[in-house]
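Please read the structure below before turning to the comments.
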Amino acid sequence: GIQVEQSPPDLILQEGANSTLRCNFSDSVNNLQWFHQNPWGQLINLFYIPSGTKQNGRLSATTVATERYSLLYISSSQTTDSGVYFCAVAISGTYKYIFGTGTRLKVLA
Amino acid sequence: SQTIHQWPATLVQPVGSPLSLECTVEGTSNPNLYWYRQAAGRGLQLLFYSVGIGQISSEVPQNLSASRPQDRQFILSSKKLLLSDSGFYLCAWSSPGPRQYFGPGTRLTVT
């Protein structure tokens, strides 16, 4: 099956810093999502981005499907950005998502 | 707007007892519905998904089952819980496309 690897596994930032999170996947996909899980466990859908680039406020994401990776950029980080970031991919023609192991981000005030 | 509910929020059950977790979605019709489990400190594992009433696909052989008695209701069950069933159970929906939205989850501890 598809393997999904995220890096780095852990990241500590000072408030205001920028960061890049990476998601590598082992097979062709046409569905990719990024999620943020807050410290209370709630998962928030950040982006649906099977290819190309999207931006939403301080967050942006880029997926290069032909090279099997996606990047999530966080600019001017805030303490509320803390939590775990997951990417999830699904094989073409299905909505069965495989989640990566996540990047745990802590933003310090 | 669409809303997804899960209950209970937390549950402590003894080994061998039955389980029933409920998930309901409001504000949409004929959603795809999903059950995931998250072990402590790990990613999410897809357990079941459903594209319609009575249509359930199981992704991982295990001690659990799922049912969809109504269009916007998804139930996760077990006849006899095991210690390994402990975890954080999340329900999600998508409709009409592939973008998924998650409920608040149920933390299950089997003792």
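Only a predicted model underlies this, so the values are computations on that prediction, with no experimental measurement involved. Chain identifiers are assigned alphabetically (A, B, ...) following the order of the sequence lines, protein sequences preceding nucleic acid strands; residue numbering begins at 1 within each chain. Note: hydrogens, waters and symmetry copies are ignored here, and every other heavy atom, side chains too, is used.
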Would [X] end up clustered with [Y] when hydrophobic side chains under 4.5 Å apart are linked, directly or stepwise?
X	Y	answer
Trp7(B)	Leu33(B)	no
Phe74(B)	Leu44(B)	no
Leu81(B)	Trp35(B)	yes
Leu76(B)	Leu46(B)	no
Leu47(B)	Leu83(B)	yes

Aromatic contact, Tyr97(A) with Tyr34(B) (centres under 6.0 Å): no

May I ask you to check whether Phe99(A) and Tyr36(B) place their ring centers less than 6.0 Å from one another? yes

Counting only heavy atoms not in Glu5(A), do more than 12 fall under 6.0 Å of its CD? no

Counting only heavy atoms closer than 4.5 Å, note whether Asn45(A) contacts chain B via side chain, backbone, both or neither.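 Both the backbone and the side chain of Asn45(A) come within 4.5 Å of chain B.
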
What's the separation between atom CG in Leu43(A) and atom CD in Gln100(B), rounded to the nearest 0.5 Å?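 Rounded to the nearest 0.5 Å, the CG-CD separation comes to 10.0 Å.
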
Measuring from atom CZ of Phe48(B) to atom NZ of Lys96(A), what distance do you get when rounded to the nearest 0.5 angstrom? 13.0 Å

Max heavy-atom pair count under 4.5 Å with chain A, selected residue of Gly103(B), Ala92(B), Gly105(B), Ser57(B): Gly103(B)

Correct closest heavy-atom pair for Phe88(B) and Gln37(A) would be CE2-NE2, 3.8 Å

Give me the atom names and distance for the closest heavy-atom approach of Gln42(A) to Phe102(B).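 So the two residues come closest at NE2-O, 3.2 Å.
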
Among residues 61-86 of chain A, which residues come closer than 4.5 Å to chain B, judged by heavy atom distances? Phe86(A)

Residue Gln45(B) versus chain A: region with a heavy atom under 4.5 Å: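 Contact with chain A: none, neither part.
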
